[in-house]
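Here the structure comes first, spelled out in structure tokens, and everything after it is commentary.
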Amino acid sequence: MFKFIARNFPVSLLTIAFLSCNQPLQEDANSIASKPGIHEVNLSEIAVGEKSIAIVGATIIDGYGGQPVLNGVVLVKGNSIENVGAADAVTIPKDAEIIDGKGMSVLPGFIDAHFHYDDMKNLPALFLQHGVTSVRDPGEWIETYNPERVSGKINPRLFLCGPHLDMFPPAYPEDAYVVRDSIEAVNAVLKNIHDGASAIKAYFRLPPDLIRIVCNTAHSKGIPVTAHLEITEAMEAIDAGLDGVEHITSFGLSLQPRRDAEKYRQLILSDNNARKQGRYAVWKTIDVHGPRADSLCKFLVRKGTFVSPTLGAFEYQPGKDSTDTIKLMGFNNMKSITGKMKKAGVRIVVGSHSNIPYAEPGWAFQREMELLVESGLTNSEVIVAATLENAHYFGIADRLGSIEKGKIADLVLVKGNPLENISNARNIQKVMLNGAWVN
């Protein structure tokens, strides 16, 4: 769980009573936000399981990274996990629905740290059908999800941030809330939280002094802050209070000589779009084994910062007829740094980015898991990153992220064993949300 430090920060005296509460979904988000802890905006819309269900004979991968339980039993009652263990250690009630899990593995529902809806109809429901039971959208107006929430489709748990906070000119105007000073920064955070945000995201034009104000304000409400940095040096931003960092490319300035970093920074300050190709040129030259990389890893471990690499968003594969060597070398270095971070002890989590070049619609999460294995993480480490570590990142590990007695029954059954082959995470057989099977 997050450990927020209380700060004596003078938040704005501006009240938020004037905010619109006319839409029923908005009112629901507000009532949920008033409850202790961090909650999904659609909590009251998720059906609650009513049966006793016993999953028997499956390999249990509980999310902690230890040895799996072979021929195990997971007993669910209502929406909670009532018992879990080896077959000879769990008593199955006579009225339980029996699910034969032989040849399958049962895992905690996957948690996606970096999900973008982008007005793609039924996308959240599609991810749920592929085992992703919780998503966090790090930059989207919360009301944008209203059509999905009233569509009749079963959606995953929606942990939303509201629009990301950026300065002018914003890279993505439709998804951004532009802040110009400290007062606007404070009030933007409070408004997002009022609307149901369970995290706040700072975008890359926000300088460290405003990031500090954003973090102080959010932390005073028990809400974590993440950021896409790119032109704000990562260690300065983390020192300002960030809990997490989105995209491995956010560490580009930290890994370059200062003069080269400033050249890139000025390029992006003058043209947002220059980063799309420019970042590969930067990463092509990064020394994965150099002192800057070593120093950054030690810093991230010391700070306990969560890192969501979103490698799938930057993946480049050689073409049949031609190869962009700059992109290929840059992307390979992104993977190498990700593996180096994990080996050093950095808290890596899985974020899919939803729509990526080399994944079919709805399968970006599984592709990200595969890319993390290619980067040097073990299958077990990737599964932890996709479940319990992400639950810690969200601030919900007290109720989600692992298979253990008392936790909510968000589960996924896959054919085969992803500890042996991570691509088995694609072999979805059944998905359970809140103790009920997803059709």
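The structure presented is a predicted model; accordingly, all values stated were derived computationally and were not measured.
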Would you call the rings of His353 and His114 parallel, tilted or perpendicular if under 30° counts as parallel and over 60° as perpendicular? parallel

Determine the minimum heavy-atom distance between Glu40 and Ile46, stating which atoms define it. OE2-CD1, 4.3 Å

Short side-chain donor-acceptor distance under 3.5 Å, Glu148 and Tyr117: yes

Just by distance, no angles: are the side chains of Asp137 and Tyr145 close enough, under 3.5 Å, to form a donor-acceptor pair? yes

Could Arg136 and Phe394 be counted as a cation-pi pair, given that NZ or CZ must be under 6.0 Å from the ring centre and within 45° of the axis? yes

Any salt bridge linking Glu381 with Lys343? Criterion: basic side-chain nitrogen under 4.0 Å from a carboxylate oxygen. no

No-hydrogen, no-angle side-chain donor-acceptor test under 3.5 Å, Tyr203 and Glu230: no

Taking the six-membered ring for Trp, are Phe306 and Tyr393 parallel (under 30°), tilted (30 to 60°) or perpendicular (over 60°)? parallel

Does a donor on one side chain and an acceptor on the other come within less than 3.5 Å for Glu370 and Gln366? no

Flag yes if more than 12 heavy atoms outside Lys221 fall under 6.0 Å of its NZ atom; otherwise flag no. no

So, applying side-chain hydrogen bond (donor to acceptor under 3.5 Å, both in side chains) with Thr226, which one of His164, Lys201, Glu246 is it? Glu246

Answer yes if the side chains of Asn424 and Asn427 hold a donor-acceptor pair under 3.5 Å, and no otherwise. yes

